[in-house]
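So that the names make sense, note that chain A is the first sequence line, chain B the second, and so on, each numbered from 1.
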Amino acid sequence: MLSSAEVLPFPVERDSEVGEENRLRYRYLDLRRGPLAERIARRARLANLVRTHMSGRGFLEVQTPILTASSPEGARDFLVPSSQYPGEFYALPQAPQQFKQLLMVGGIDRYFQIAPCFRDEASRADRSPGEFYQIDLEMAFATQEDVFGEVEQLMEAIVSGMSDKTTSTPFPRLTFTEAVDRFGTDKPDLRFGLELVDLTGTVGGRTELPMFAEAISAGHVIRALRVPGGFDRPRKWFDAFGEDAKKAACTGTWLQLDPAGVKGSLARRLSDEEVSSIVAAAGAGSSDAVLVAVGPRSKVSGLLGERRQRIGRELGMADPGRLEFVWVVDFPMFERDETTGAWDFAHNPFSMPQGGLESLQSSDPGEILAYQYDLVCNGIELSSGAVRNHRPDIMEAAFAIAGYGPERIRTSFPSLWNAFHYGPPPHAGIAPGFDRILMVLEEQANIREVIAFPLNQSARDLLMGAPSPVSDVQLRDVHLKVVPPAP
RNA sequence: GGACCUGUGGUGCAGCUUGGAGUGCACGCCGGCCUGUCAAGCCGGAGGACGCGGGUUCAAAUCCCGUCAGGUCCGCCA
């Protein structure tokens, strides 16, 4: 006998259901059950495939530091105290963003790396807390089109090498505005239609109903969403829509196309003609329902987009066997803070504004678009990238709109600022999420399913017991004192 | 920072709405029998203060409050 075993905490038969807490606590037993181990093996295959493909395309794999400097933008950093320098800290990189741009300045014209990224932020089903990996890449003298071409080739290689699914290039594109208007989100799941319908200029413009008339004079929008077969959904479901609308400072109403006649909170308040024009606009038929939301554009879209996604899932409209890639382009460069009214960067402050310096100087900040793009697949944001702003003068102008003086760039991003004074090439890049790609390929709803030893939702490692207290000696070594939070 | 869902023998669940003896299902475990195996079959058995603390009640797994743990979402994620 080589080894013995106590009674296992859960059965290791591959099809047995086990609570996730136990699976994480006894990850080595979960691996024995098979499916997880198979996904981890496919993860290795994906890594090999990416390296082979990218190297073949002339990209150089460069490893960048794990211990680096804290950077003021983005998520909260993980900090590593220095024993040599009391009160000073390394930070784990949230992404190798600045390093890869410095590589561009250094003449490494095509860079890639399967890069570890660390962010101290709350998790989601598709967002691993703490750490995750990106297929980070950057290209000198490249346009948005060049980046799209490379990524489409990479994704085709991945899909054909890792699955029996198919995809065709070029991937379709939506502008940010189109995506939000038609699907209610900047990461639409295009495996099913069910688009939002705008009623502002049609029904809204003709009705006497005060709710609609007032909305239009306030610059708000009226939009509708068909609920297939939804006429007999419970009253509670429609009420919940109304309540969620209220929370979002909108009004949510609905029509139910009961075979016996039209019901719903909106039916009584509109003429037959108005009801039928809404029904027609929404493309609804007998036994459907129609949700109608009134309010500020982004809130209405978000509200209906959330319902669209939920309905699609409930009705099984999204074929799990399909991959629907889409580029979302033309993100706004700036957005207004809702409370202060001040302009701030909508996304990456180092993206190149479309129209360059001239548009910064002459356009309304709200109208300026960035060369900033996302790759979305099946409703999951796989990737985010941009043509970078490599011009110090354009940087200063952009930061000025966001209310920052030139010293802000110099003090917050000194290495990039300095480097960009020595002839930086124009460059562009993107960073597809490695774990997320695998998650989509493996048809997994949770990112932990493609990670060998994931943290749980609350960023705890149930297997190793991290995070954990450390000894007083260790704390003294790094010049730290723990101050418990006030109760 | 917030909302919601879940917590019942080793595992996965049902029971909770409408309070009335810890009752049930499937798997596992222990013992016995049978057997040419391949997810075996039959018989018997052990194992649970229903996450924890408080409250309401004659009576709490069940209702209320708090707390802890796990999950989903909002905020957050340049």
Side-chain angles (χ1 to χ4, degrees), chain A residues 5-26 29-30 33-34 70-78 93-98 101 117-132 134 185-187 236 240 243-244 247-249 299 302-303 305-307 309-310 313 331-335 337-339 343-353 370 372 374 380-381 383-386 388-389 395 398-399 402 404 408-409 412-413 416 431 433 436 445-449 454-463 465 485-487:
Chain A
E6 297 178 10
V7 175
L8 299 172
F10 53 81
V12 293
E13 274 76 60
R14 72 169 37 219
D15 56 350
S16 61
E17 297 257 326
V18 180
E20 188 162 12
E21 191 173 349
N22 274 319
R23 292 180 54 208
L24 292 174
R25 186 158 278 134
Y26 301 93
L29 296 181
D30 193 23
R33 300 197 309 152
S70 180
S71 168
E73 300 290 325
R76 184 182 299 124
D77 284 325
F78 281 103
Q94 298 191 19
Q97 183 64 35
Q98 294 190 63
Q101 293 194 242
C117 303
F118 304 91
R119 294 178 193 175
D120 185 5
E121 285 293 341
S123 68
R124 289 290 183 275
D126 64 355
R127 201 165 80 199
S128 164
E131 56 186 86
F132 59 97
Q134 290 182 338
T185 172
D186 62 358
K187 43 183 179 185
K236 212 168 149 186
E243 279 164 33
D244 287 351
K247 280 181 210 154
K299 301 282 186 192
L303 184 67
E306 192 275 333
R307 280 323 190 265
Q309 195 62 32
R310 201 192 294 183
R313 191 172 54 236
F331 280 80
M333 184 81 195
F334 301 98
E335 67 188 2
D337 185 299
E338 276 182 31
T339 48
W343 290 107
D344 198 3
F345 294 108
H347 297 279
N348 186 332
F350 295 108
S351 296
M352 184 66 94
Q372 164 94 35
D374 282 358
I380 290 178
E381 183 192 313
S383 234
S384 197
R388 319 298 175 186
N389 183 351
M395 253 180 222
F399 273 72
Y404 303 117
R408 164 82 177 199
I409 318 174
S412 299
F413 307 94
L416 216 50
R436 279 192 185 167
N446 195 292
I447 202 158
R448 290 185 293 272
E449 297 296 344
L455 301 179
N456 73 0
Q457 171 175 261
S458 316
R460 278 197 176 278
D461 181 340
L462 299 179
L463 175 60

K.L.:
Nearest-Å distance, CG (L8(A)) to P (rC27(B))?
P.N.:
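Rounding to the nearest Å, CG of L8(A) and P of rC27(B) are 18 Å apart.
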K.L.:
Is any side-chain N or O of N22(A) closer than 4.0 Å to OP1 or OP2 of rG10(B)?
P.N.:
no
K.L.:
What is the separation between atom CD on Q309(A) and atom C1' on rC73(B), rounded to the nearest whole Å?
P.N.:
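In whole Å, rC73(B) C1' lies 13 Å from Q309(A) CD.
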K.L.:
Rounding to an integer number of angstrom, what distance separates rG24(B) and rC50(B) when you compare their C1' atoms?
P.N.:
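Straight-line distance between the two C1' atoms is 14 Å.
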K.L.:
Would K187(A) and D374(A) satisfy side chain to side chain contact (heavy atoms under 4.5 Å, CB included), going step by step from the backbone distance to the final call?
P.N.:
CA-CA 8 Å; K187(A) 43 183 179 185; D374(A) 282 358; over 6 Å; no
K.L.:
What nucleic acid atoms does R127(A) come within less than 4.0 Å of, heavy atoms only: base, sugar-phosphate, or nothing?
P.N.:
base
K.L.:
Scan A125(A) against the nucleic acid and name what it touches under 4.0 Å (heavy atoms): base, sugar-phosphate only, or nothing.
P.N.:
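Sugar-phosphate, no base atom in range.
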K.L.:
Hey, does the side-chain of Q457(A) have a donor or acceptor N/O within less than 3.5 Å of a partner on the base of rG70(B)?
P.N.:
no
K.L.:
Distance check needed: rC77(B) P versus D186(A) CG, whole Å only.
P.N.:
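From D186(A) CG to rC77(B) P: 14 Å.
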K.L.:
Applying salt bridge (Lys or Arg N to Asp or Glu O under 4.0 Å), run through R310(A) and E306(A) and close with a yes or a no.
P.N.:
CA-CA 6 Å; R310(A) 201 192 294 183; E306(A) 192 275 333; 2.9 Å; yes
K.L.:
Quick one: does R124(A) reach the base of rG75(B) with a side-chain donor-acceptor pair under 3.5 Å?
P.N.:
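Flag set: donor-acceptor pair detected.
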K.L.:
With both distances under 3.5 angstrom, what nucleotide forms a Watson-Crick or G-U wobble pair with rU17(B)?
P.N.:
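The base-pairing partner of rU17(B), which may sit in any strand shown, does not exist here.
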K.L.:
Rounded to whole angstrom units, what separation is found between the CD atom of E306(A) and the C1' atom of rC4(B)?
P.N.:
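Result: 13 Å.
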K.L.:
Atom CZ of F331(A) and atom P of rC77(B): how far apart are they, to the nearest Å?
P.N.:
15 Å
K.L.:
Does P9(A) reach a base, just sugar-phosphate, or nothing at all? Heavy atoms under 4.0 Å.
P.N.:
sugar-phosphate
K.L.:
Should F132(A) and R119(A) count as side-chain neighbours, where that means a heavy-atom distance under 4.5 Å?
P.N.:
yes
K.L.:
Can you tell me the distance, in whole Å, between the OH atom of Y26(A) and the P atom of rU11(B)?
P.N.:
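Taking atom P of rU11(B) as the reference, OH of Y26(A) is at 8 Å.
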K.L.:
Would you sort out whether R388(A) and N348(A) count as a side chain to side chain contact (heavy atoms under 4.5 Å, CB included), showing the intermediate values?
P.N.:
CA-CA 9 Å; R388(A) 319 298 175 186; N348(A) 186 332; 4.0 Å; yes
K.L.:
Categorize N456(A) for me: base, sugar-phosphate, or nothing, with a 4.0 angstrom heavy-atom threshold over every strand shown.
P.N.:
sugar-phosphate
K.L.:
Rounding to an integer number of angstrom, what distance separates rG15(B) and rU6(B) when you compare their C1' atoms?
P.N.:
15 Å
K.L.:
Find the distance D77(A):CG to rC77(B):P and express it as a whole number of Å.
P.N.:
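Rounded to the whole Å, the gap is 13 Å.
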K.L.:
Does rG44(B) have a Watson-Crick or wobble mate here (both distances under 3.5 Å), and if so which one?
P.N.:
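Across all strands, the one nucleotide that pairs with rG44(B) is rC30(B).
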K.L.:
Work out how far the P atom of rG12(B) is from that of rC74(B), and round it to whole angstrom.
P.N.:
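So the two P atoms sit 27 Å from each other.
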K.L.:
Which of these nucleotides, rC77(B), rA69(B), rG71(B), is closest to any side-chain atom of E121(A)?
P.N.:
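Selected nucleotide (nearest to the side chain): rC77(B).
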K.L.:
Which comes earlier along RNA chain B counting from the 5' end, the contact point of F10(A) or that of L462(A), where each point is its nearest nucleotide?
P.N.:
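Closest to the 5' end, via its nearest nucleotide, is F10(A).
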K.L.:
What's the gap between rG10(B) and rA49(B) when it is taken at their P atoms, as a whole Å value?
P.N.:
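Nearest-Å result for rG10(B) against rA49(B) at atom P: 8 Å.
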K.L.:
Classify the ring geometry between F399(A) and F413(A) as parallel (under 30°), tilted (30 to 60°) or perpendicular (over 60°).
P.N.:
perpendicular
K.L.:
Please state the C1' separation for the pair rC63(B) and rG48(B) - nearest whole angstrom.
P.N.:
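My reading of the C1' atoms in rC63(B) and rG48(B) gives 23 Å.
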K.L.:
Taking only side-chain nitrogens and oxygens of R310(A), does any of them come within less than 4.0 Å of OP1 or OP2 of rU72(B)?
P.N.:
no
K.L.:
Between rG71(B) and rC29(B), how far apart are the two C1' atoms, rounded to whole Å?
P.N.:
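Approximately 29 Å lies between the C1' atom of rG71(B) and that of rC29(B).
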K.L.:
For rG47(B) versus rG9(B), give the span between their P atoms, rounded off to a whole number of Å.
P.N.:
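15 Å, rounded to whole Å.
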K.L.:
Applying a 3.5 Å limit to both distances, which nucleotide forms a Watson-Crick or G-U wobble pair with rC25(B)?
P.N.:
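Because both required distances fall under 3.5 Å, rC25(B) counts as paired with rG12(B).
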K.L.:
Give Q94(A) one of three labels, base, sugar-phosphate or nothing, depending on what nucleic acid heavy atoms sit under 4.0 Å from its own.
P.N.:
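Result for Q94(A) = nothing.
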K.L.:
Would you classify rA61(B) as syn or anti? Syn applies when the glycosidic angle is within 90° of 0.
P.N.:
anti
K.L.:
Could you work out which one of rG70(B), rU72(B), rC76(B) sits closest to the side chain of N446(A)?
P.N.:
rU72(B)
K.L.:
Report the residue (F413(A) or P11(A)) whose heavy-atom-nearest nucleotide on RNA chain B is the more 5′ of the two.
P.N.:
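Here P11(A) is the residue nearer the 5' end.
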K.L.:
Does R448(A) reach a base, just sugar-phosphate, or nothing at all? Heavy atoms under 4.0 Å.
P.N.:
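It contacts sugar-phosphate atoms only.
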K.L.:
Sticking with atom C1', work out how far rG53(B) lies from rA69(B), rounded to a whole angstrom.
P.N.:
15 Å
K.L.:
Can you give me the closest heavy-atom contact between M395(A) and N389(A), atom names plus distance?
P.N.:
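Taking every non-hydrogen atom into account, CE-O, 3.0 Å.
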K.L.:
Which nucleotide in the set rG12(B), rG71(B), rC77(B) lies at the smallest distance from any side-chain heavy atom of E20(A)?
P.N.:
rG71(B)
K.L.:
Would one find more than 12 heavy atoms of other residues, nucleotides or ligands at under 6.0 Å from atom CZ of F78(A)?
P.N.:
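More than 12 heavy atoms, drawn from other residues, nucleotides or ligands, come within 6.0 Å of this atom.
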K.L.:
To check you understand the geometry: which heavy-atom pair defines the closest contact between A398(A) and F334(A), and what is its length?
P.N.:
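In terms of heavy atoms, the two residues are closest at O-CE2, 3.6 Å.
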K.L.:
How close or far is atom C1' of rG7(B) from atom CD of E21(A), stated in whole angstroms?
P.N.:
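Distance, rounded to whole Å: 9 Å.
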K.L.:
Strictly by Watson-Crick or wobble contacts shorter than 3.5 Å, is anything paired with rG53(B), and which nucleotide is it?
P.N.:
rC65(B)
